[in-house]
Amino acid sequence: MRVVVDLTKCQGYAQCAFLAPEAFRMVGDEALMFDPAPSAEQRVKVLRAAAACPVQALQVDVADLPHPPPEEKVVAAKGDRLRRDGRIVIVGASLAGLKAAEQLRAEGFTGSLTVIGDEPEEPYDRPPLSKQVQTGFVTSTDTTLPRRRDIDAEWRLGVPATGLDLERKRVSLADGQEVEFDRLLVTTGVRARPWPVPEEAALDGVFTIRTRGDAAGLRERLLAKPKRVLVIGSGFTGSEMASVCVELGIPVTVAEAGTAPLAGALGGVIGRISAGIMREHGVDLRTHTKVNSLQGEDGRVRRAVLSDGTTLEVDVVVVALGGIRNVEWLESAGLAVGVWGLACDAGCRAFTAAGLVTDDVFVAGDVARQPQPMFGYQFLAMEHWGNAVTQAEVAAHNMISSETDRWPHLEMPAFWSLQFGHNIKSVGVPPIADQIAITQGSVESRQFVAAYGYKGRVVGAVSWNQGKWLDFYQQLIEQAAPFPLPYDMTDPPADRTPVPAEFPERVFPAHDATVVVTGHDPSERRAVLIRSSRRR
Amino acid sequence: MTEPSLFQEITDFGNRANPWPLYEKLRSRPVWQEADGTFVVGTFREIYSLLHDPRISSDPANLLPEYADKAGPLAQAGSSLPPSFIRTDPPRHDTLRRIAMRQFGPPHRPDRIEKLTPLLEDVVTKLIDGLADRQQCDLVDDFAYPFPVAAITGLLGVPPEDEPRFSQWVGPIVDSTGKDSPELTQRRTDAFQQLGMYMFQLAQSKRDNPGDDMLSGFVTDDGPDGRLEGGDLFSALILLLIAGHETTVNLIANGWLTLQRHPEVLQRLRTEPDLAIRMVEELLRYEGSVHFLPNRTAVADIEIGDTTIRKGHPIVLVLASGNRDTGCIPHADRFDPDRPDNVHLGFGNGIHYCFGAPLARLEAQLALTQLAKRLQNPRLVEDPPPYRPSPVLRGPIHLPVAYDAVLPA
């Protein structure tokens, strides 16, 4: 069977873990680990689990369901040629690409659909790669995403797209072929940022973790009981990897250049709590510490020299320094791309380099940089699982809808992380906040909720093993409710006074603006994107 | 005499069989205020929001003094006992529930309920076997009541032979919910006392001879949160016993009634093995057994639309009305066993989500499937059947069903 749980929706009611305990396991009160490929013998139990989910977060492949849900018949409007027999190409065959394909078919798109992906596999789920795949509960090859419906697409897998010609409406592929389209969806996502010194990055034992292959290789090394693992970076992936090492009984050092783990996503106040938990679990966490070099012998990594003057003996290094958006193939397409992604409007239509909105190019997922009306119309790329799903669905809908039927993507950003037995969930955009206040529970018990405020408005929240309350905070953010919260609540914390949220200083996106404007007459004005490397 | 309010009409016994038109009227406004100051909410979105709102309290201590009598019969009659986790707020709630959960399900006992499946199936088989010597039964007394009682008493470790005594105590505690008289209050108080004494003795014997049951776990297996001592233990046990008795009875009885009213679904249940799984979710939505959550209040004023729910006033969440809210649920008035993405309020939501939900689901799935397969040509003798007095835990008090024969299992 193929199964996936939308852990953004999941609130930890544990109904699945009761009814199909081999496939679904609770960690602590509310965090869930699941087997994405339960055996066929568990089918009835898994169906029970899926039906019982109070928030319907559990998806089972259509092939494993009792009978396919009745097809929603959408009659193509007369003259709606695109919906009937248009050609749609999706570049990027991961979660967003798959969800868009499903949505297109669900809405009655009957034309030709081509999905292009640089990895050779069908779309698979990535969050388990740094969690249950590393602890050995499941294997990396089990993570293929379930299908909600028949997609009837031509899959061009293992062939990266290398270029886009907007005039001729063609995507060129690494194998020299071209694919024509009427509408294009870009879902190329991000790749792991490699260790910046290529010779050191190439040492055996140095891993990034983004793909199935990465995960399988790392798992094999962890099974061999390394003497020490060095994790570089303590964002979510780095922190989860440290947690995995602790669970496996492997000594682990975390080198964090900033002030605390998770500080970039959740701020210094939460970061300190996270640091405390890491250290309680025996992690050798070193903040304000960079890795100066990785040293090897016979091609294998042996040592790491840290900026605190120490040298560590290590046999595995996990580089968790975030991602690089896969936009290089679009560099000469004349679209608004940069290190921050491909910019688009709230309806997922891509912008040209000049800032004009295109009609035929759409973008969704980690690579999409979209204005957030709820957050001052800032252009933000949300590298969250739930964002990939909802943005892909909106993009797909808009691709085949007339102008008056288009949807804006206004989903509340949300993410989760499971580490050291704690379930951390967040809504909104905490990094834009200037203040944070604990609103419920107690930090000492590791069961609390905190709200983030910006200029007197609620802009985000984080829960620590208290995820069932987050819906309330989502509503507050949607209503632009005042911060700090002006009323009493149950389970009040000892001190709810707002304090500075302590986010690291943000790099202004315009640092990368590399556009040259030419022409004088309004009809002649053009903006051309210049890559900084080429400028030199 | 003033006109009865809409909510008084809803609780009026005369409307028990068909409260749905009243619920539809209830949904014309998100919040109603009763003359006594109680707030009543019956729309899906507002109920869902309030169940996740940390300004809502389940602790009767947060009611204003003038509403002390609204604290609910469980709080009054069991006043010598501390409140169980359904009548507390975090952090106390979380700790009490976690300790109780340690003996019931994940993460500590993940397969307790799932492993119970063969035993449940066996109880169902035997109960239906017992109907074979007649051509008419009371589906409540002969099946829907004894089945979950066997399950919950078995889980807790109560000897089956003591079950008749339980029924005597549990009856007055539950049937009076939402309706009061001095005599009933006295009967409830007595029942609580006797049940408490019995459980105390049983706990003693489990301490000396623990088995693989929940009560033995409660008195011998401590987790990181420690154990439930004295009153807390009895409160939890009484809650589990009552909830384990009274809610599933109604789910199964309401379920069978609904199937008889939808013969095409009943027929499908005989031939489609997995239909019961999603169908029971639909039953929980369409004919769930807990119609209200009557015991909430607010620790701060809460604005909903142009109404303000006042701090300290009683709040009634009418789950069964929210479950039929066509504004949120497509064709909510239709019983659709194939309904996709069925998010409902049948077990509540938020931190007080029904503790025993997995057991209730499994029981209803097994019970209704086997009944459908084995009762030949089943017919309702009375439609609507006579109902229990309670508007809160709503279901038939008797459900006479006639049939031609009982097929072998």
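Numbered from 1 within each chain, the chains take letters A, B, ... in sequence-line order. Below, all heavy atoms of this structure are taken into account, side chains as well, without hydrogens, waters or symmetry copies.
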Would B:R339 and B:E281 satisfy salt bridge (Lys or Arg N to Asp or Glu O under 4.0 Å), going step by step from the backbone distance to the final call? CA-CA 9 Å; B:R339 184 179 293 276; B:E281 292 309 311; over 6 Å; no
Trace of the salt bridge (Lys or Arg N to Asp or Glu O under 4.0 Å) decision for A:K99 with A:D6: CA-CA 13 Å; A:K99 289 294 146 189; A:D6 181 342; over 6 Å; no
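Between chain B and the residues A:A14, A:P54, A:A17, A:A52, the largest count of heavy-atom pairs under 4.5 Å involves A:A52. Chosen from B:E272, B:H344, B:Q365, the residue pairing most often with chain A at heavy-atom distances under 4.5 Å is B:Q365. Contact count versus chain A (heavy atoms, under 4.5 Å) is highest, among B:G346, B:P106, B:A300, for B:P106. Contact tally against chain A (heavy-atom pairs below 4.5 Å) for B:P107, B:A276, B:A357: the top residue is B:P107. Heavy-atom pairs under 4.5 Å with chain A were tallied for B:D89, B:I113, B:D341; the largest tally goes to B:D341. For the set A:V44, A:D29, A:L19, the entry with the most heavy-atom pairs within less than 4.5 Å of chain B is A:D29.
In this structure the side chain of B:L368 reaches within 4.5 angstrom of the side chain of B:M279, judged on heavy atoms.
Proximity to chain A (any heavy atom under 4.5 Å) is restricted, for B:Y48, to the side chain, taken from C-beta onward. Residue A:D488 touches chain B through both its backbone and its side chain, counting heavy-atom pairs closer than 4.5 Å. Contacts between B:I302 and chain A at a heavy-atom distance below 4.5 Å are absent for every atom of the residue. In this structure, the portions of B:D111 lying under 4.5 Å from any heavy atom of chain A include both its backbone and its side chain. Heavy atoms of A:Q466 lying under 4.5 Å from chain B belong exclusively to its side chain. Looking at A:R48, the atoms closer than 4.5 Å to chain B (heavy atoms on both sides) sit in the backbone and in the side chain alike. Heavy atoms closer than 4.5 Å to chain A are found in the side chain of B:K311, but not in its backbone. There is no contact between B:D301 and chain A, counting heavy-atom distances below 4.5 Å.
Taking the six-membered ring for Trp and the full ring otherwise, the centers of A:F420 and A:H281 sit less than 6.0 Å from each other. Aromatic ring centres of A:F24 and A:F18 lie farther apart than the 6.0 Å criterion allows.
Between A:W385 and A:W416, the ring planes are perpendicular. Angles over 60° get that label, and only those under 30° would be called parallel.
Between the CG atom of A:L47 and the CD1 atom of B:I277 there is a distance of 5.0 Å, given to the nearest 0.5 Å.
A cation-pi arrangement, defined by a distance under 6.0 Å to the six-membered ring centre and an angle within 45 degrees of its axis, is present between B:R55 and A:Y487.
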